[in-house]
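Working notes for the structure below.
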Amino acid sequence: MFKAVLDDVTLVRDSLDAVSNFINEGTFKLSKNGLSLIAMDPANVAMVLYDLLASAFTEYECSSKTKLTVNVPYLVSILKRAGTGDSVEFKMTDSANELVITMTGDSKRTFTLPLLEAHGNPVKPPEKLKDGFKAEVEVESAAIKAGAKDALMVSDCVLLSTTKDSFVMKALSDTNEVNLQLSNESPSLIKLDSKSAVKSKYSLEYLEKMMKLSKVAKTVELRFADNYPLKLDYKALDQLKVSFILAPRIDTE
Amino acid sequence: MFKAVLDDVTLVRDSLDAVSNFINEGTFKLSKNGLSLIAMDPANVAMVLYDLLASAFTEYECSSKTKLTVNVPYLVSILKRAGTGDSVEFKMTDSANELVITMTGDSKRTFTLPLLEAHGNPVKPPEKLKDGFKAEVEVESAAIKAGAKDALMVSDCVLLSTTKDSFVMKALSDTNEVNLQLSNESPSLIKLDSKSAVKSKYSLEYLEKMMKLSKVAKTVELRFADNYPLKLDYKALDQLKVSFILAPRIDTE
Amino acid sequence: MFKAVLDDVTLVRDSLDAVSNFINEGTFKLSKNGLSLIAMDPANVAMVLYDLLASAFTEYECSSKTKLTVNVPYLVSILKRAGTGDSVEFKMTDSANELVITMTGDSKRTFTLPLLEAHGNPVKPPEKLKDGFKAEVEVESAAIKAGAKDALMVSDCVLLSTTKDSFVMKALSDTNEVNLQLSNESPSLIKLDSKSAVKSKYSLEYLEKMMKLSKVAKTVELRFADNYPLKLDYKALDQLKVSFILAPRIDTE
């Protein structure tokens with residue numbers, strides 16, 4: 001038996017909205033601590049790790065560990081139908097094969113979402129990545145989102161680089177160049193930890209989708225290394241953590 | 001001679017905007033009490049009854065009963081050109097075959113709309129329907145509009161049903177279900193009069209267009225019966241009444 | 001060496017945005033008084049004269065007269081990336097063949113715009129036009145913009161006319177007519193100087209694009225004569241002057 005209530009649907013709706021740009025079907029693990037999801041995008045370029053804590057909910061009850069596979073974009077479209085001030089309840093009985101979402105405000109509206117069968121093997125988080133990161137940067141998520149949008153004006157990929165005291169996002173075309181530069185003086189740069197100069201290139205198409213999380217998280221942590229995956233960590237208080245791992249773009253000649 | 005002035009064009013503009021989704025040419029009857037229109041949509045599925053009282057206007061003058069056939073979408077596009085605070089005057093002399101609309105604010109703008117010839121026989125209101133209705137419900141128009149939008153997520157038609165103490169809008173697909181449920185405890189339900197259990201199915205495409213009237217009317221009255229037409233009544237103070245009659249969707253096997 | 005700083009990018013961004021609807025590449029003349037541009041649209045129907053004074057900038061420095069050819073729509077798309085409160089610096093060294101635009105707020109973002117080679121002969125302002133104008137009108141730019149949008153409902157061209165005491169914009173189709181009429185009583189009419197009755201027809205497609213300048217200039221001056229070019233002058237304080245010259249539409253039978 002699973003039952004959870006939100007008095008404000010915003011955080012869950014907006015974060016799942018960003019996630020739904022990467023996956024279609026998603027298998028959530030439910031426990032008494034909250035719900036989590038690990039998934040790869042169909043092109044195998046990006047991994048999403050989504051953790052929504054029980055504390056994000058007004059009420060939360062999960063009698064036993066269980067799994068729940070749903071169509072995430074459809075779940076998001078349901079959550080978008082909640083009105084301001086509506087209380088939103090998620091409920092699933094052990095026997096039933098559906099998730100029932102009830103929105104209560106001036107009226108009572110019910111949405112029934114069928115549970116799907118999970119496909120393929122569960123995706124595991126890439127534990128060993130941790131040791132490979134050479135640079136760690138924490139920045140205001142709005143600043144880096146602006147930088148990615150700037151970069152899209154000239155290219156479909158961006159070069160991230162760090163030195164001891166600066167973090168740079170750079171995009172190049174044959175004729176034009178776009179740059180975001182953050183130094184220790186920049187109010188947008190919260191933390192910079194880079195022993196050596198590091199640089200690596202990533203897809204802007206993917207980055208831009210990930211940066212939709214800036215709607216719910218004021219800052220973002222980036223970890224990367226030369227020609228190595230990028231890890232982005234977004235956190236919202238003690239309620240939500242969303243991480244993305246993005247493969248590097250390696251130029252082949 | 002017909003002359004009418006609006007100091008605020010909103011009510012007339014928004015209500016005719018909704019009506020213009022159903023009809024192209026419309027024949028308005030003008031009398032000293034106001035103007036009215038009865039029309040069928042081209043597919044013969046819905047009837048519109050539009051009554052705008054003289055009291056909706058700042059000034060109103062109609063020397064003799066007359067008829068006025070115009071292209072309603074074009075009339076609406078003219079009204080949308082009025083600025084906030086513009087006074088809008090409608091004028092038609094007995095001899096002229098055009099309606100002159102003048103907007104006066106910081107500048108004076110004039111739109112001349114040719115009168116058209118009325119086609120076909122005038123549509124008569126279906127008086128005998130009245131006795132057939134078995135359920136009567138008054139609800140907040142915003143609530144039922146949300147319910148229709150919810151329902152569109154899974155189907156192109158919706159089942160309306162009542163019991164003694166509840167009103168339900170339900171939509172079904174092969175896998176999903178969406179429900180709006182109002183009971184006597186729901187703040188959105190104003191009146192419910194249903195001697196017996198009643199249910200009937202209607203097109204959501206039509207319903208959604210009708211619900212644009214919720215912009216001008218806070219509540220709506222619904223009357224229906226098993227496999228019987230639905231009548232929707234929207235009222236705005238002592239100024240406007242718009243009714244729609246919608247044929248039921250009867251499943252054939 | 002050219003360096004100029006804007007603390008508020010709005011005026012420059014919005015005015016160049018309007019100009020970019022007429023030209024692709026633009027050659028700006030830079031002097032210590034400011035920068036100016038004269039260009040024809042590709043169809044040779046309209047001329048743009050753009051003058052941005054040094055006083056529009058927070059800082060302005062231009063060591064020698066020089067020219068600067070850039071892709072104007074791309075320059076505008078860069079300016080649109082500035083955040084509210086960002087300080088925007090334009091910089092060009094004498095040797096470099098690029099314009100560097102730096103936006104400084106919470107972060108520092110740099111855009112490098114390559115200089116292009118100027119094509120064709122420089123366009124000269126049509127000095128002799130001055131004596132031919134027979135009517136001169138100053139109106140609120142919002143009023144005439146609304147009039148042009150009204151007119152677009154029925155036609156792709158508009159007839160401007162004046163008498164001693166009125167200014168009229170009229171558009172006609174086979175059946176409909178739209179009119180903006182300003183007399184000396186209209187608050188929107190600021191000045192009217194027309195010795196005789198004057199009328200001339202102009203393209204609405206061009207006029208509507210020019211009227212985007214109403215975003216930065218409260219009033220506009222119009223000068224025209226029978227079947228003669230129209231000159232529109234928009235001014236924003238002591239910072240900006242944008243003029244358009246538009247060829248008349250002459251009916252040929």
Side-chain angles (χ1 to χ4, degrees), chain A residues 137-163 165-192 194 199 204 207-208 211 214-215 217-222 232, chain C residues 2-3 5-10 12-13 16-17 20 24-28 67-93 95-119:
Chain A
V137 190
E138 186 176 0
V139 290
E140 300 222 341
S141 47
I144 202 171
K145 190 185 171 192
K149 279 205 156 189
D150 294 347
L152 269 173
M153 289 175 62
V154 299
S155 180
D156 65 347
C157 70
V158 70
L159 183 77
L160 302 190
S161 64
T162 53
T163 61
D165 38 40
S166 76
F167 167 66
V168 175
M169 280 178 81
K170 183 191 287 199
L172 282 171
S173 72
D174 286 349
T175 52
N176 300 10
E177 186 183 323
V178 165
N179 248 308
L180 167 76
Q181 192 166 347
L182 298 175
S183 68
N184 285 318
E185 284 80 54
S186 309
S188 298
L189 183 71
I190 291 139
K191 196 173 75 180
L192 171 63
S194 170
K199 64 179 174 189
L204 272 171
L207 274 179
E208 212 207 1
M211 282 164 187
S214 64
K215 222 172 161 180
K218 215 179 136 51
T219 68
V220 56
E221 279 181 58
L222 299 95
L232 292 160
Chain C
F2 168 71
K3 185 184 156 188
V5 179
L6 287 170
D7 279 348
D8 181 353
V9 81
T10 319
V12 176
R13 180 195 65 202
L16 284 178
D17 195 11
S20 73
N24 211 5
E25 291 184 17
T27 299
F28 291 88
K67 286 182 185 178
L68 175 70
T69 306
V70 293
N71 180 305
V72 182
Y74 184 65
L75 172 59
V76 170
S77 66
I78 289 177
L79 297 182
K80 286 184 176 175
R81 296 293 312 137
T84 323
D86 278 2
S87 166
V88 178
E89 183 200 81
F90 303 80
K91 198 167 182 177
M92 186 177 62
T93 55
S95 53
N97 60 345
E98 56 189 32
L99 177 69
V100 179
I101 301 176
T102 307
M103 301 181 184
T104 313
D106 281 353
S107 60
K108 189 174 160 187
R109 296 144 67 197
T110 312
F111 301 81
T112 305
L113 187 67
L115 301 192
L116 308 172
E117 243 172 285
H119 287 104

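Lettering follows sequence order; numbering is per chain, from 1.
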Shortest non-hydrogen separation from C/Gly105 to A/Pro187 and the atoms involved:
O-CD, 4.4 Å
Please report the shortest heavy-atom distance between C/Ser107 and A/Ser188, naming the atom on each side.
N-OG, 3.7 Å
Under 3.5 Å, which donor-acceptor pairs do the side chains of residues 152-161 of chain A form with other protein atoms, sequence neighbours left out?
from, atom 1, to, atom 2, distance (Å)
A/Ser155, OG, A/Cys157, N, 3.1
A/Ser155, OG, A/Cys157, O, 3.2
A/Asp156, OD2, A/Arg249, NH2, 3.4

Side chain of C/Arg81, backbone of A/Ala146: donor and acceptor closer than 3.5 Å?
yes
Residues of residues 165-176 of chain A with any heavy atom under 4.5 Å of a heavy atom in chain C
A/Thr175, A/Asn176
Could you have a look at A/Asp150, A/Val178, A/Leu180, A/Leu182 and say which one has the most heavy-atom pairs with chain C under 4.5 angstrom?
A/Asp150
Within residues 82-92 of chain C, contacts to chain A at heavy-atom distances under 4.5 Å involve none
Sequence-distant partners of C/Phe2, ring pair (Phe, Tyr, Trp, His ring centres under 6.0 Å), two or more places apart:
C/Tyr60
Counting only non-hydrogen atoms closer than 4.5 Å, does C/Ile101 touch chain A with its backbone (N, CA, C, O), its side chain (CB onward), both, or neither?
neither
So NZ of A/Lys149 and NZ of C/Lys80: to nearest 0.5 Å the spacing works out to 12.5 Å
